[in-house]
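In what follows, residues are counted from 1 in the order of the sequence shown. Computed from a prediction, not measured in an experiment: that's the story for all the values here.
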Amino acid sequence: SFCIDGRKDRMPAGTVYDITFTWEEDRKSISWQPSSARAPQEAGEEEEAKAQPAIGSDCEHAYYLTGSFRKWHGLTALTPLGGGVFEATFRLGPKSSESFQIVRDK
């Protein structure tokens, strides 16, 4: 499962998206865009839609760190500090330089 964060698109919670999976011989891809589907227009449907939580509104992400300090094997969980801030520590190797990547929702 996955959660689309519509903030980049400046979309409100509950926005419906069209999701396209493309599976070709040499590559696979996924893309999404806000749907052109119309909002409910019949009496009562609008109130019912407001009462239902947005899909993915309960989605909580986990973040991990991997890098040259782990020889690119395995992940170290980032500790949430609140307010969208996460923390992790690792020891620098003999070159005093390390490369790393942050992984979301392994």
Side-chain angles (χ1 to χ4, degrees):
S1 68
F2 55 91
C3 178
I4 295 174
D5 184 344
R7 289 179 288 187
K8 180 180 176 189
D9 300 326
R10 296 186 177 162
M11 292 291 137
T15 298
V16 175
Y17 278 79
D18 292 324
I19 302 170
T20 304
F21 295 94
T22 305
W23 190 301
E24 298 174 356
E25 187 174 321
D26 60 336
R27 72 182 190 114
K28 298 164 190 66
S29 65
I30 182 171
S31 62
W32 55 89
Q33 63 184 14
S35 177
S36 59
R38 293 175 47 196
Q41 297 297 317
E42 293 184 27
E45 284 187 29
E46 189 172 323
E47 289 303 315
E48 182 180 326
K50 287 180 184 177
Q52 295 180 4
I55 295 171
S57 63
D58 60 346
C59 184
E60 290 187 29
H61 297 290
Y63 297 90
Y64 304 86
L65 194 63
T66 188
S68 56
F69 60 95
R70 295 184 59 100
K71 298 185 180 173
W72 298 100
H73 294 285
L75 300 169
T76 300
L78 295 178
T79 304
L81 301 178
V85 177
F86 293 80
E87 176 182 76
T89 60
F90 58 88
R91 187 179 304 270
L92 292 176
K95 295 181 182 179
S96 297
S97 175
E98 300 290 347
S99 297
F100 66 91
Q101 291 181 347
I102 297 172
V103 178
R104 185 175 89 173
D105 300 336
K106 64 176 179 168

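With sequence neighbours excluded, the residues forming a side chain to side chain contact (heavy atoms under 4.5 Å, CB included) with Thr20 are Thr22, Ser31, listed by chain and number. With sequence neighbours left out, the salt bridge (Lys or Arg N to Asp or Glu O under 4.0 Å) criterion links Arg10 to no other residue. Scored by the salt bridge (Lys or Arg N to Asp or Glu O under 4.0 Å) test, Glu87 finds no partners at all (sequence neighbours excluded). Tyr63 pairs by the ring pair (Phe, Tyr, Trp, His ring centres under 6.0 Å) definition with Phe86, not counting sequence neighbours. Considering only residues two or more places apart in sequence or on other chains, Lys106 meets the side chain to side chain contact (heavy atoms under 4.5 Å, CB included) condition with Tyr64, Leu75, Val103.
Using bins of under 30°, 30° to 60° and over 60° for the plane-to-plane angle, the ring pair Phe100/Phe90 lands in the tilted bin.
Sorted by first and then second residue, the side chain to side chain donor-acceptor pair (under 3.5 Å) pairs involving residues 68-83 (not counting sequence neighbours) are Ser68-Glu98, Arg70-Thr76. Applying the salt bridge (charged side-chain N to carboxylate O under 4.0 Å, His left out) definition to pairs two or more places apart or across chains, those involving residues 19-35 are Glu24-Arg27.
Of all non-hydrogen atoms in Gly74 and Thr66, the two that sit nearest each other are O-OG1, 2.9 Å. Contact between Arg91 and Phe69 at its shortest, heavy atoms only, is O-CB, 4.1 Å. The heavy-atom pair separating Leu65 from Ala88 by the smallest distance is CD2-CB, 3.9 Å.
As a member of the Ile/Leu/Val/Met/Phe/Trp/Tyr network built from side-chain separations under 4.5 Å, Val85 groups with Leu81. Grouping Ile, Leu, Val, Met, Phe, Trp and Tyr by side-chain contacts under 4.5 Å, direct or through others, leaves Trp23 on its own.
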